[in-house]
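Naming: A, B, ... by sequence-line order, numbering from 1 per chain. Just so you know, these numbers use all the heavy atoms, side chains as well, and skip hydrogens, waters and symmetry mates.
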Protein chains: 2
Amino acid sequence: MANEKPLPQGRRRHQGVNRVTISDVAKEAGVAPITVSRALNTPDRVSAKLRKRVDQAVASLGYVPNLIAGGLASAGTRVIPVVVPSLSILTFIEVVHGIQQTLEGAGYQVLLGSTDFDLDREASLIDSVMGYSPSGVILTGLRHHDRTVHRLQTWGRPVVEIMELGTPCIDMNVGIDNIQAGACMAQHLLDRGYRRIAFLGVGMTRDYRAQQRFEGHRQVLAAAGIESNLLFASEEPSSYEAGRRVFLEALAARPDLEAIHFANDNLAAGALLEANRRGIRVPEDIAMGSYLGLSLGEHLTPRLTTVSVPRFEMGVEAAKLLLERLQGRTPSQPRVDIGYRLTVREST
Amino acid sequence: MANEKPLPQGRRRHQGVNRVTISDVAKEAGVAPITVSRALNTPDRVSAKLRKRVDQAVASLGYVPNLIAGGLASAGTRVIPVVVPSLSILTFIEVVHGIQQTLEGAGYQVLLGSTDFDLDREASLIDSVMGYSPSGVILTGLRHHDRTVHRLQTWGRPVVEIMELGTPCIDMNVGIDNIQAGACMAQHLLDRGYRRIAFLGVGMTRDYRAQQRFEGHRQVLAAAGIESNLLFASEEPSSYEAGRRVFLEALAARPDLEAIHFANDNLAAGALLEANRRGIRVPEDIAMGSYLGLSLGEHLTPRLTTVSVPRFEMGVEAAKLLLERLQGRTPSQPRVDIGYRLTVREST
DNA sequence: CTGTTAGCGCTTTCAA
DNA sequence: TTGAAAGCGCTAACAG
């Protein structure tokens, strides 16, 4: 009978961090561990009486579920990896914010990853993050490494691709049509009567969505018989400073320019502030339009005309789509066009 | 002999997502699972020959470790929860960026949480996130719920508190002295000869670090025999718009004001842009100084005088401290003053 | 509605 | 340097 319990006495076999476990709670409540599990995860399946006893035991012991153990057993942690190209670009931050707020409210945690616009990095990040048995995945854009697409597609859990709208997508998709957005601003500039128009962007080899906006811009101008459009494309990331510099370069190269279509508000703001400083009048001397809808744009003088995208809402929408599937429902629309709005202000 | 293998035939008992496991790799390489584990985690402890065979098997099967299982067994996932008050405040984003970049490079993943400046929310977030058996934790500020402090203190794993410097801290600490930072700008304004000075901030009940800066400001002015300082304190979050509004309110209430000390660059930028629009000359009509060192400040006219804090670097430093402990070393200095710099530009 | 049993995939401990 | 055995803490499956 001495051998009945083969547990080494006096210490635990594994160096388990001596936390309160589900068994402790079960003992305290006088039920089986599985009942505690059910009382916590599917309260409906437990009688009110036991549920209450369990709740009390949980409270009195300060039990906190080990989500890792639960995740291993059920092959699904409540973790959602969110993979974006960069954390230094405000756009992505705002989207992540919307995602995070929505998911956290539903009891899911965001695991943050950034790829630096590199699809190989994205692939290996997805690989490693899949090791956490996530409940779903949110990633940026529709272009990925073949391996990533395949792995995610055969995975069988919800996946949302954000920022960009199109086909094919892995599973679900929330974003906007960048070509249209670019065309929209180009058309606006044309409507305003500008003809000598340049498109200015930086880092566009990496950010193909900006290229798409340029493509939309180009098409509209071409249709109007206008060929003259520059495209500054240094490889630095967007910033006020980059905007300032490409603006000055463009001005020097094309003194006759009437309007500039910036790839995003950061560049436009940098340029506009430089124009302020130099006494260059906007839009009289040169008009400026761009893309994003940063709040800064409303506070500049002149106020910045831009194509606004609801970034926070895009994140919320992506998270909602994911949650719907996580809760076993099927979203009526697995593809959400979050839309954009031409916000005409004073700079054009 | 028919009963030798009690496995239900034809299907798995648990709905294991049929991924490649360490056993598959072991079989392929002709070794025991534990050897695969060692070859992957502590390559030094495996002979070169076996290590190579394992690597090949891993590659040919496309094995990706299940970090959840590993985490359960070893009571430590490579996850680092990072808890900040808000994701809509650029400061925290930049710190998170520094953390994320540094940790990801070392093979750790950031689990993002936000508390909305609420210590109760922080406490429950920490609780739930501890369920992931994280390898360490980074959280904001030195003030926490007692339960949080206790839990983290007895936890035995690295914890870094960021943004703010002081005692006591739970484990390690990277930040700046906010009182000093506030005093620094106040002193600068005094040195410039301004006497009728207001401190303007919003949402300061929640952001006690801004209060600390105000306290530093107040002390310096008091020492100079100056009592007159306002403190606008609506409960909204900081934004350009809020800055614009409190600026106008302050001007209306105190037309004789010579200088304004803003709680942060966002407010100051909103105010400065409004001054631009109204033709109010800065610093001739009114001087402006603030706190943060956002890049926007360099592009305004006049360029914004501010107390700059290296936010990205603060994140990097916090992550480095954590990693050092994670790698078994003891940081020489568990408390890092990341410092600030008075950046005198044109607005004062 | 509740309990028993058997793992989830990995790593720790212990032994060779 | 390698392996066998024993769980980490939880939940799916299968009775009762």
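- The 5' end of DNA chain D is approached more closely, in terms of each residue's nearest nucleotide, by B/Arg45 than by the other of B/Arg45 and B/Ala69.
- Of all nucleotides listed (D/dT2, C/dC10, D/dG9), D/dG9 comes nearest to the side chain of A/Ala73.
- For B/Asn66 and C/dC8, the shortest distance from a side-chain N or O to OP1 or OP2 is not below 4.0 Å.
- Between B/Asp24 atom CG and C/dC10 atom C1' there is a gap of 13 Å when expressed in whole angstrom units.
- Checking D/dC10, D/dC8, D/dA4 against the side-chain heavy atoms of B/Ala32 singles out D/dA4 as nearest.
- Protein atom CD1 of A/Ile34 is 12 Å distant from nucleotide atom P of C/dT2, rounded to whole Å.
- Taking every side-chain heavy atom of B/Val31 into account, D/dG3 is the closest of D/dG3, D/dG9, D/dG7.
- Proximity note for B/Ser47 (side chain, C-beta onward) versus D/dT2, D/dA13, C/dG9: the nearest is D/dT2.
- For the atom pair OG (B/Ser47) and NZ (B/Lys52), the distance works out to 12.0 Å, reported to the nearest 0.5 Å.
- Counting only heavy atoms from C-beta on, A/Leu72 has its side chain closest to D/dG9 among C/dT11, D/dG9, C/dC10.
- Within 4.0 Å (heavy atoms only), A/Ile68 reaches no atom of the nucleic acid at all.
- Between A/Asp116 and A/Arg121 there is no salt bridge, since no side-chain N of the basic residue sits under 4.0 Å from a carboxylate O of the acidic one.
- Listed pair A/Thr35 / C/dG3 meets the phosphate criterion, a side-chain N or O lying under 4.0 Å from OP1 or OP2.
- Closest approach to the B/Arg38 side chain among D/dT2, C/dC8, C/dT11 is made by D/dT2 (side chain taken as heavy atoms from C-beta onward).
- Residues B/Arg325 and B/Asp171 are paired through a salt bridge, judged by an N-O separation under 4.0 Å between the basic side chain and the carboxylate.
- The side chain of A/Tyr63 approaches D/dC10 more closely than any other nucleotide in the set C/dC1, C/dG9, D/dC10.
- In this entry the distance linking CG of B/Leu50 with P of D/dT1 reads 11 Å, nearest Å.
- The shortest distance between the side-chain N/O atoms of A/Ser37 and the OP1/OP2 oxygens of D/dC10 is not below 4.0 Å.
- At a threshold of 4.0 angstrom between heavy atoms, the contacts of A/Asp44 are confined to the sugar-phosphate backbone, with no base atom among them.
- In this structure, B/Leu67 reaches neither bases nor backbone, as no heavy-atom distance under 4.0 Å exists between it and the strands shown.
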Does A/Phe92 form a side chain to side chain contact (heavy atoms under 4.5 Å, CB included) with B/Ile93? I'd like the steps, not just the answer. CA-CA 11 Å; A/Phe92 298 117; B/Ile93 299 299; over 6 Å; no
